[in-house]
Amino acid sequence: MDTNFVNIYKLIESKPQNAAIFTEKDFEVYRAVKNKILQTIAIHFGVSPKHLYLTDPTFFSRLTSAAAQTKHDEYWHKHVDKQTYKSFHYTSLLYLTTFGSDFTGGRFIFADKELNKSIAIEPKLGRVSAFTSGSENEHFVERVSTGTRYAITVSFTCDPKHAISDPKMGHKFSRRAQRTSTSWSGCPPEPDMPLLSHSLAIQSTPSVTLRWVTNSDFIHSVIN
Ligand SMILES: O=C(O)CCC(=O)C(=O)O
Ligand SMILES: [Fe+2]
């Protein structure tokens, strides 16, 4: 993939002192968080957890107001995740810093053409946002004005061919053994899912929920 990701496993391999950056406990936390998000997406989007697999890339992002070094650093462009990362069916973001206190700018914006308005999600430590990865959820991140914004992207595929194994200490990135099943019942049809709902709230009708954000106190704003 033509991106400027830093591969954590290679980082550790290349310099033994980097091994101290992550511990097995950190990987354990990642796996527990991933499993919680997977279960929640399954419930809220009405898809069987058996048909959701972690996919790559899964990554930390650190955004600042510094000038972009390459075009991949330009996170503020409107995009569709599925076009960038073909295997994605569901994107989730776990925010590790809070809008307004750790940084300013840097809100996540759903750019809804049909409504002629945009909906903003303000990152907050511990907040999770999840959405289907197709063109129904085109989005961008506002440029960070001050401070540093950290997040983790954890994405899922319904296609077992694109499944990756859970990250583990000392294990190189690996694809899961290919399975024979090609039944993706409940997953978004290819290439994109039609636009069904603009709701950001947790809804009890999973089949119409395209987006979901944790914490009932989440603040969103509509920008005309
Ligand atoms: O960090 C975010 O809120 C979203 C980043 C994003 O859109 C992406 O990496 O595709
Ligand atoms: Fe994105």
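The analysis underlying the following values was restricted to heavy atoms, covering all of them including side chains, and did not include hydrogens, waters or symmetry mates. Start at 1 and go down the list; that is how both ligands and their atoms are numbered.
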Considering only heavy atoms of [X], which atoms of ligand 1 have at least one such atom less than 4.0 Å away?
| X | result |
| --- | --- |
| Val141 | 2 (C), 3 (O), 4 (C), 5 (C) |
| His139 | 7 (O) |
| Phe59 | 9 (O) |
| Asp81 | 10 (O) |
| Tyr95 | 2 (C), 3 (O) |
| Leu93 | 1 (O), 2 (C), 3 (O), 4 (C) |

| Which is it for Tyr150 and ligand 1 at heavy atoms under 4.0 Å: side chain, backbone, both or neither? | neither

| query | Under 4.0 Å from ligand 1, counting heavy atoms only, is it the side chain of Thr91, its backbone, both or neither? | reply |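 For Thr91, no heavy atom sits under 4.0 Å from ligand 1.
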
| said: Show the nearest heavy-atom pair for residues Pro49 and Leu38, with the distance to one decimal. | reply: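 Smallest heavy-atom distance, with atoms named: CB-CD2, 3.8 Å.
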
| For the residue pair Pro123 and Arg149, what are the closest heavy atoms and their distance? | CG-NH2, 3.6 Å

| field | Proximal heteroatom of Asp81 relative to the Fe ion (ligand 2) (N/O/S) | value | OD1

| request: Report the name of the N/O/S atom of His79 located nearest to the Fe ion (ligand 2). | output: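 Within His79, restricted to N, O or S, the Fe ion (ligand 2) is closest to atom NE2.
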
| message | Looking only at the aromatic ring of each residue, does the gap between the centers of Tyr75 and Phe108 stay below 6.0 angstrom? | response | no

| query | Would the His162 and Phe88 ring centres measure less than 6.0 Å apart? | reply |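 No, the ring centres sit 6.0 Å or more apart.
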
| request: Kindly indicate, with the supporting measurements, whether the criterion side chain to side chain contact (heavy atoms under 4.5 Å, CB included) is fulfilled by Thr97 and Leu125. | output: CA-CA 5 Å; Thr97 43; Leu125 174 66; over 6 Å; no

| said: Under the criterion salt bridge (Lys or Arg N to Asp or Glu O under 4.0 Å), I'd like the reasoning laid out for Glu24 against Arg31: C-alpha separation, chi angles, the key distance, then a yes or no. | reply: CA-CA 11 Å; Glu24 177 50 29; Arg31 292 190 295 269; 2.7 Å; yes

| Taking atom 1 (O) of ligand 1 as the reference point, the nearest protein heavy atom with its distance | Arg149 NH1, 2.8 Å

| query | Nearest to atom 8 (C) of ligand 1, what protein heavy atom do you find, and at what distance? | reply | His79 NE2, 3.8 Å

| query | How far apart are the C-alpha atoms of Phe131 and Phe110, what are their side-chain angles, what is the distance that settles it, and do they pass the ring-ring contact (aromatic ring centres under 6.0 Å, His included) test? | reply | CA-CA 10 Å; Phe131 50 91; Phe110 283 117; 5.3 Å; yes

| query | Nearest 0.5 Å, what's the OH-CD1 distance between Tyr90 and Ile37? | reply |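 Atom-to-atom, Tyr90:OH and Ile37:CD1 are 14.5 Å apart.
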
